[in-house]
Asker: 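Have a look at the structure that comes next, please.
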Number of protein chains: 2
Amino acid sequence: MSEAPLSTRRQMRLGAFVQELGHHIAAWRRDDATHHGYDLQHYVEIARIAERGRFDMLFFGDSLGFQYPEDEALGRTSRVLRPDPLTVLAALVPVTQHIGLVATASTSFIPPYLLARQFATLDHLSGGRAGWNIVTSTSDTEAWNMGLAGLPEHDERYRIAEEFMQVAKGLWDSWEDDAFVADKATGRYFDPAKLHVLGHEGHYFRSRGPLNAPRPVQGYPVLIQAGSSSAGGQFAARHAEVIFAAQQSIEHARQFLAETRVRVAAVGRDPAQVLVMPGVMPVVGQSRAHAQERVEQQQALIQDDIGWALLKRHIGGFDLSHLPADAPVPELPPTQGNLSRQRLLLEAARAEGLTVGQLFRRVAGTRGHWLVAGTAQDVADELQAHFEAEAADGFNIMAPWLPGSLSDFVEGVVPVLQQRGLFRTQYTHTSLRGHLGLSRPAHPSPRPFSQRSAQAAA
Amino acid sequence: MSEAPLSTRRQMRLGAFVQELGHHIAAWRRDDATHHGYDLQHYVEIARIAERGRFDMLFFGDSLGFQYPEDEALGRTSRVLRPDPLTVLAALVPVTQHIGLVATASTSFIPPYLLARQFATLDHLSGGRAGWNIVTSTSDTEAWNMGLAGLPEHDERYRIAEEFMQVAKGLWDSWEDDAFVADKATGRYFDPAKLHVLGHEGHYFRSRGPLNAPRPVQGYPVLIQAGSSSAGGQFAARHAEVIFAAQQSIEHARQFLAETRVRVAAVGRDPAQVLVMPGVMPVVGQSRAHAQERVEQQQALIQDDIGWALLKRHIGGFDLSHLPADAPVPELPPTQGNLSRQRLLLEAARAEGLTVGQLFRRVAGTRGHWLVAGTAQDVADELQAHFEAEAADGFNIMAPWLPGSLSDFVEGVVPVLQQRGLFRTQYTHTSLRGHLGLSRPAHPSPRPFSQRSAQAAA
C-alpha cells in the first residue's frame with residue numbers, strides 16, 4: 001500500500017454506470033425491484049445515492065433498439081425498454097448539484113448538429129456537467145430502426161465517427177467563449193469577429209453552422225469512449241478523455257492502460273489527460289459468505305430459457321439448449337463475428353470445468369464484466385490493488401441491481417476508500433472536467449467570421 | 001356575455017409560448033433582462049409563473065439554426081441562440097407538477113425513431129405531460145445545418161411529414177398499453193402477443209421497430225400544428241389536436257376555426273377534439289395609457305439597423321434603409337416567396353399611413369402577431385370576445401419579454417378570466433390531454449407479434 005500522505009495521494013474516479021433496473025439480466029425479478037425503466041423517481045433515487053457517494057458521474061448506456069431473444073425466451077427480459085439517456089439526464093439536472101451527467105450516443109445514425117446541440121444544451125443547463133460516451137453501435141437492429149438497411153462495417157463506422165467528431169467539435173466552436181457581450185446600451189449582443197462558421201462538407205456529413213448554442217461551459221462535454229478494437233483504440237487515442245474498459249486481470253488492465261498512454265502520446269496528446277476506468281460489478285455483503293450468497297441468489301433468478309438464448313448469442317449462434325444444464329461445456333468450432341471473445345469464454349469455461357448451466361449463468365449475469373463480491377473491505381482492497389498497480393485511474397461501477405447494490409457500494413465501500421485517502425470526501429469543483437481533473441479545451445481558432453463567410457456560403 | 005353558470009361554462013385553454021428572452025426582438029435590451037437563453041433558472045422561473053397561472057402548457061418554439069441578419073445588423077440580435085427544447089423541457093419535469101410540456105420539432109431532418117423515443121421518454125418521465133408541435137421547417141439555414149443541400153419544397157415537406165407521422169405513431173404503438181406484466185414469479189416481463197413490430201419501409205423513411213419504450217402515458221403526446229397553407233391545413237386536419245393559429249381579426253379567426261372544423265370532420269375525426277389557439281402578445285398596464293407607454297418603450301429599444309434588416313426580410317428582399325425613417329411606405333412590386341403575407345403587410349401599412357420607421361418597428365416588434373395592450377380587464381375582454389365568438393378555443397400567450405410580461409398576465413389577466421368563469425382556478429387532471437379535454441388515442445391494432453414478424457423481418 002502506498003505511504004503517501006492522505007492529502008496528496010492520487011485519487012481514483014468513480015462513475016455510476018446506470019442500466020435501468022441493474023446490469024444483471026434478472027434484476028427486475030428481485031423483490032426489491034419496484035420501479036420500471038421509464039420511471040423518473042427511479043433515476044432520481046440513483047442520482048441522489050451516487051451524489052451522496054461523491055461519484056464523478058452518472059454514466060448512462062444506450063441502444064436504439066434491442067435484439068430479440070430467441071422465441072422461447074421472448075417476453076422473459078426487461079431489456080426491451082431503454083429510455084433516451086439525454087432526456088433522462090436533463091430531468092436529473094435540477095435534482096442534483098455536482099455529479100457529472102454522461103449520456104451514451106451513437107455517431108452512426110444521428111445528424112451531428114442535433115447531437116452537438118443537445119449535448120451543448122445539457123452542458124449549459126447543468127453548469128458544465130455533461131459528458132458524451134461516444135459509441136458507433138453494434139447491432140443491425142439499431143440500424144434497421146434508424147433508417148439504414150444494416151450497420152456499416154466496423155472500420156467504416158469509425159471513419160464515420162471520426163468525421164462526426166470533426167463536425168461536432170467544429171459546431172461547439174461556432175462561438176468563441178467571450179463572443180456574447182450583451183451590451184444593452186450599444187445594442188450589441190455578440191461580437192461578429194468571434195463567430196465562426198464551420199461550413200463542413202465532408203464524405204459522410206455536411207453541416208454549415210454556426211450552432212445556435214454558446215460554446216459549452218466545458219468547451220466540449222467530456223468525451224468518453226470504450227473502443228478496444230484497433231480502429232476503436234485509435235479513435236479513443238485521438239478523442240477520448242475517459243476510456244471505459246472491460247479488461248479483467250490486473251496484468252491485462254495494466255498493459256491496456258500503458259498501451260493507451262503510448263497511443264495517446266503518439267497523436268500528440270497529454271497521456272495524463274486520458275483516464276482509463278474499467279467497469280466493475282460489485283456485490284457487497286456483511287461477510288464474504290454473505291456476499292457470495294447474494295451473488296448466488298441473484299444468479300438463481302436467471303431462467304434457463306433466457307440463459308440458453310444469451311449463451312447462444314455469446315458463442316456464435318450455437319444452440320446448446322438440447323444439453324442438460326449439468327453437461328460439461330463442449331468443444332465448438334470457431335464462427336464468424338467476435339471470435340476472440342467467444343474463444344476466450346469457451347476456453348475459460350473448459351479450464352474451470354464449468355457445466356453449460358454454470359456458463360450461461362455467468363454470461364447472463366455479468367456479460368463478461370468483472371464481478372467483485374465480498375465485504376466492503378474486500379471490494380475496496382480489490383479496487384485499490386488495481387488502482388495502485390496503475391491498472392486503472394478509476395472505475396465505472398456497474399451495480400447488478402439498482403438502486404440497492406449501488407447504495408450498498410456507497411454506504412459500504414466508499415467510506416473505506418475515503419478513509420484510505422483514495423477517494424474524495426467532498427466535491428471540490430463544479431464541472432465534470434473539474435471532478436476528473438481534465439483541462440478545458442481552448443477554442444482552436446481566432447479566424448473571424450468575415451474571413452470565413454465566403455467559404456461557408458452554401 | 002354568456003349567461004351560463006360559472007361551473008358549466010366552456011373554458012378557454014392557455015399556453016405559454018416561450019421564446020428565450022421574449023417574443024419581442026429587443027427583449028434582451030431591457031433593464032430587467034438578467035438571464036440568457038441557455039440559463040435553466042430562467043426557464044424554471046417561467047414554468048413556475050405559468051403553473052401558478054394554471055396554464056395548460058408551456059410551448060417551446062424551435063429552429064435548428066438561424067438566419068443571419070444583414071451585415072450591418074450582425075451582432076445586434078439575441079435570436080442567434082436557441083436551446084434544444086426537448087432537453088430544456090425534460091429539465092423542467094422535476095420542478096413542475098401539472099403543466100404540459102410542449103416541444104417544437106421538425107419532421108424534415110431527424111430520424112423518426114429518435115424523435116418518437118425522445119417524446120415517449122418525456123411523456124413517461126412527466127407522467128403524461130408531453131406535447132409535440134410538429135413543424136416542417138421553413139429555412140434553408142436549418143437544412144444546411146442538418147445535412148441537406150437545401151430545404152425540400154413546401155408540399156414535399158408535408159408529404160415527408162405525413163410519412164413521418166405514420167412511422168412515429170406506429171412506433172408509439174409498438175406495445176399495447178398492458179403489454180408489460182412484470183410477473184416476477186413466472187419470470188414473464190411482457191406478453192409477446194402485445195408486441196407489434198412496425199416494419200415500415202416507405203418512400204422517405206424506414207424503421208423496423210419496435211420502439212424500446214412502453215406506449216406513452218398519453219398514448220401519443222398531444223399533437224400540435226400551425227400550418228395554415230393548403231398542405232398544412234390538410235395535415236393539421238389529419239393529425240393536429242391543437243392548432244396554433246396566427247389570425248388577427250375576429251372575423252378571420254372565426255372563419256379559420258369554422259373551416260378547420262369542416263376539414264377535421266371531412267377526414268372522419270371529431271371536430272370537438274381539435275382546439276384552435278391563436279397566438280396573442282399581451283402588454284398589461286395599470287391603465288391604457290400605461291400599457292401603451294410600455295409598448296412604446298419596448299418598441300424604442302429596436303435599433304434601426306436590425307429594424308431595416310428584418311423589414312427587408314419581410315417584404316421580399318427590398319432594402320429600404322436608404323429612406324429616412326419618417327418617409328411614407330412606398331409602392332413595391334410583388335416578389336417571389338410569401339406573396340400574400342408581404343402584400344397584406346404593405347397594404348395595411350399604406351392604409352394606416354405608416355412611415356417606414358413605424359412599419360419596421362411593427363414588423364420587428366410583433367412579427368405580425370396579434371398585440372393586445374391595455375389594462376388586465378381590457379386584455380381579458382379582448383380574449384373573452386374572441387373566445388365567445390368561437391374565434392378561438394384558447395390562446396397561446398406570446399409574452400413580449402420574459403418572464404416579466406408573462407408574470408403581468410398571470411397576476412393581472414388570469415384572475416379576471418377566473419372570476420368570469422372562463423378559466424380554471426385549479427388543475428383537475430394530471431395529463432396534458434386531461435387539461436385540454438382531449439381523449440387518449442386507443443391502440444389501433446390487436447394483431448399479435450407472431451402474425452407480423454415475418455413481414456417485419458428485414
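Per chain, numbering begins at 1; letters A, B, ... match sequence-line order.
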Asker: Which one, B/S63, B/A120, B/A26, B/S126, leads in non-hydrogen pairs under 4.5 Å with chain A?
Answerer: B/S63
Asker: Heavy-atom cut-off 4.5 Å, strictly under: side chain, backbone, both or neither for A/F109 against chain B?
Answerer: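 Backbone only.
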Asker: Tell me, for A/A143 versus chain B, whether the close heavy atoms (under 4.5 Å) come from the side chain, the backbone, both or neither.
Answerer: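 For A/A143, no heavy atom lies under 4.5 Å from chain B.
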Asker: Does any backbone or side-chain atom of A/D183 lie under 4.5 Å from a heavy atom of chain B? Answer side chain, backbone, both or neither.
Answerer: backbone
Asker: Which answer fits A/R79, side chain, backbone, both or neither, if we ask what part of it has an atom under 4.5 Å from a heavy atom of chain B?
Answerer: neither
Asker: Between chain A and each of B/I306, B/N145, B/V181, count heavy-atom pairs under 4.5 Å; write down the option with the most.
Answerer: B/N145
Asker: Using non-hydrogen atoms only, which part of A/P112 is less than 4.5 Å away from chain B: side chain, backbone, both, or neither?
Answerer: neither
Asker: Under 3.5 Å, is there a donor on one side chain and an acceptor on the other for A/S137 and A/S106?
Answerer: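 Indeed, the side chains of A/S137 and A/S106 share at least one donor-acceptor pair under 3.5 Å.
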Asker: Looking at CZ of A/F180 and CZ of A/R215, how far apart are the two atoms once the value is rounded to the nearest 0.5 Å?
Answerer: 12.5 Å
Asker: Using non-hydrogen atoms only, which part of A/F205 is less than 4.5 Å away from chain B: side chain, backbone, both, or neither?
Answerer: neither
Asker: Report yes or no: do B/Q298 and B/R30 form a side-chain donor-acceptor pair below 3.5 Å?
Answerer: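 Side chains of B/Q298 and B/R30: pair found under 3.5 Å.
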Asker: Could you tell me which portion of A/V93 (side chain, backbone, both or neither) has an atom closer than 4.5 angstrom to a non-hydrogen atom of chain B?
Answerer: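 Side chain only.
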